[in-house]
Amino acid sequence: MAVIRDLNKDKMDVVEGSYAVAHSVKVCKPNVISAYPITPQTHIVEDLSQFIADGEIPNCEYINVESEFSALSALVGSSAVGARCYSATTSQGLELMHEVLFNVSGMRLPIVMTIANRAVSAPINIWNDQQDSISQRDTGWIQLYAEDLQEASDMHAQAYKIAEDKDVMLPVMACMDGFILSHVYEPLVLLEQDLVDEYLPPYEPEYKLDPKNPMTFGSFADPECYTEFRYLQQKAMDNALGKVEEAANDFYKTFGRYYGGLIDEYETEDAEIILMAMGSVIGTIKETIDKLRAKGVKVGLLKVRAFRPFPVEAIRNAIKNAKVVVAIDKNISLGLNEGALFTETKASLYNTSIDVPVIGRMIGHGGRDIPLSTIEKIIDDAVNVMKSGISVESQYADLKEELL
Amino acid sequence: MKEIRIHGRGGQGSVTAAELLAVAAFEDGQFSQAFPAFGVERRGAPVQAFTRISDVPIRLRSQVYEPDYVIVQDPTLLEVVDVVKGAKDTGVIIINSEFDPEEFDLKTNAKVMTVNATKVALDIIGRPIVNTVLLGAFAGATGEIKPDSIVRAVKERFPGKIGDKNAEALIEAYNQIRGDA
Amino acid sequence: MMSIRVGGVCDPGSTRINKTGGWRTFRPVYDYDKCVKCKLCELLCPDMSVLEREDGYFQFDYDFCKGCGICANECPKGAISMVLEEK
């Protein structure tokens with residue numbers, strides 16, 4: 001099933017991305033929102049504070065805190081008492097949360113947090129890439145990446161559905177490219193309250209902090225049982241693979257919109273070249289594919305929606321018949337010179353019978369614009385791999401040599 | 001798809017203009033997209049904002065490199081920014097200026113049109129805020145969007161008297177745009 | 001064995017079950033003739049192992065007293081002595 005949209009203009013509004021997300025959070029009826037401002041997510045929590053001030057989110061506490069560390073810590077307690085919790089952050093703010101991210105996932109608290117993806121300092125840079133959330137890939141949070149506003153907006157209902165599933169109980173980062181999506185105005189169907197009520201049941205935790213029925217949360221685990229805690233977290237991630245698909249399918253049944261589950265495919269059926277990517281660059285890649293298909297280049301796209309849990313099987317199936325695969329990354333693992341999608345895709349194919357050359361191309365770091373020409377250049381590289389094998393396995397595709 | 005680039009200075013409402021254009025285009029029955037050239041915003045610094053208008057949903061996320069239309073909010077920008085960069089030969093450059101288009105010697109094959117938006121704004125709104133005024137000029141110069149749609153978008157964004165004044169001013173600019181249409 | 005609940009949530013009060021007094025080497029003992037019920041021992045005990053009796057004197061909870069000796073050291077009347085445990 002490919003992307004299915006509702007293009008009925010009567011149902012659509014032209015709004016800013018941040019507003020669309022704030023609206024989605026509102027209709028998911030959170031009980032606690034913690035907020036600390038950092039560009040480019042600030043508009044989201046500003047809009048939410050306005051909703052609260054206007055009395056549009058009943059039974060919800062809005063907590064101003066003094067740092068991102070506190071923002072997430074406040075939600076740890078709130079989620080433990082059974083509240084549906086929300087926050088948003090980006091970049092240095094997310095990195096400051098690092099320690100608490102582990103606490104949330106280890107305590108199995110189904111918090112949903114929007115990440116308006118942004119580069120990480122130094123050097124100071126407020127523009128988009130995905131280094132911030134990718135750097136948190138091992139913290140036990142589910143990570144979903146949105147292609148456009150409609151998906152980013154709808155993703156929040158799916159995120160709560162996945163997070164609060166009894167077989168999952170893991171926090172979710174709903175990632176949307178900062179500025180490119182958070183600050184764009186485009187038409188979309190704002191998440192419908194009546195349908196959300198149908199799709200997303202109220203959060204009813206199996207255990208919660210309650211003075212009348214005391215329980216211990218965040219307990220100590222000695223070497224006798226720590227491994228088993230981690231094992232169970234991984235098990236929950238395994239369960240999430242199916243639940244991400246299920247949440248997308250159920251969403252389609254209720255709302256009539258679909259963007260893929262763990263992955264989505266575009267023009268891959270007969271594709272010799274398959275590009276893999278996450279986030280807002282997907283749209284530009286689709287444009288490029290249409291342009292090159294018209295010239296006879298058999299190129300397709302594998303959109304990775306879920307980076308955690310990493311959809312190993314789905315990726316294997318999608319690329320097994322390609323002649324070359326290019327993983328496109330808005331992040332770099334310094335010291336390895338590879339983006340995470342590239343590294344993990346390669347790893348997914350090792351020890352299998354799939355023998356497809358994979359190359360990695362890093363683009364769009366620190367907000368560098370990604371015009372069609374950058375994608376075309378990457379596809380040229382892929383064509384060369386088909387002709388004469390891999391010459392450069394991983395590199396920046398938009399490096400300015402003249403600045404070096 | 002039509003691509004529009006708006007040049008202004010921080011604080012002049014270029015981003016708002018791009019957004020209102022997107023809203024108006026959508027009211028007109030088209031798909032649209034608007035976004036700023038994200039920068040470290042400072043009042044007075046040159047800024048850019050972009051709008052795309054299309055019959056089909058817009059997927060492209062890059063900045064605009066070959067605009068069909070360029071709107072220049074402040075003529076002093078001509079000295080510091082290459083406002084016609086990449087403009088299509090068939091395009092239109094709309095400049096807020098008291099001078100006629102012939103007075104400008106820009107290195108472009110695109111058509112240059114002018115409107116004294118500052119005067120219109122001062123006369124009608126009473127303040128030199130030209131962003132909405134230039135949207136009226138855009139409608140007059142290009143025919144891409146109905147002036148009524150822009151009026152609706154402006155009034156929705158600025159309810160009450162401010163919206164009314166802006167609407168009146170943009171219609172005036174719609175009628176005043178100079179240059180061979 | 002009990003299996004791990006989601007997130008390791010467990011019932012409260014598990015420290016009541018784990019009696020920690022066993023590692024004590026010296027046990028505190030009151031001399032009630034010297035005690036003036038000043039409550040300093042109760043206040044300073046880090047393990048809440050000084051319990052008030054109905055008559056206003058105190059007694060030690062040897063299930064949890066680790067024998068740190070703070071009470072004996074701080075007692076203004078020298079009413080607490082530390083006696084070697086016979087194990």
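Just so it is clear: chains get the letters A, B, ... in the order the sequence lines come, proteins before strands, and each one is counted from 1.
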Tell me if the CZ atom of B:Phe104 is crowded by more than 12 foreign heavy atoms within 6.0 Å.
yes

Contacting moiety of A:Ile282, where chain B heavy atoms sit under 4.5 Å
neither

Does anything in residues 155-177 of chain B get under 4.5 Å of chain A by heavy atoms, and if so which residues?
B:Arg157

Given the options B:Ala153, B:Ala22, B:Gly29, B:Ala18, which has more heavy-atom pairs under 4.5 Å with chain A than any of the others?
B:Gly29

When you check the gap from the basic side-chain N to the acidic O, do A:Asp290 and B:Arg59 get nearer than 4.0 Å?
yes

Side-chain heavy atoms of B:Ser62 within contact of A:Leu372, under 4.5 Å:
no

Is it the side chain or the backbone of A:Glu16 that comes within 4.5 Å of chain B heavy atoms, both, or neither?
neither

Apply ring-ring contact (aromatic ring centres under 6.0 Å, His included) to A:Tyr185 and list each qualifying residue two or more places apart in sequence or on a separate chain.
none

With a 4.5 Å cut-off on side-chain heavy atoms, are B:Phe31 and A:Lys9 touching?
yes

Checking heavy atoms, do the side chain of A:Ile370, its backbone, both or neither come under 4.5 Å from chain B?
backbone

Can you find a pair of side-chain heavy atoms, one from B:Glu19 and one from A:Val14, that are under 4.5 Å apart?
no

Side chain, backbone, both or neither of B:Phe50 within contact of chain A (heavy atoms, under 4.5 Å)
neither

Tell me, do A:Asp177 and B:Arg61 make a side-chain contact under 4.5 Å, heavy atoms counted?
no

Between B:Gln33 and A:Val184, which heavy-atom pair has the shortest distance, and what is it?
CG-CG2, 3.7 Å

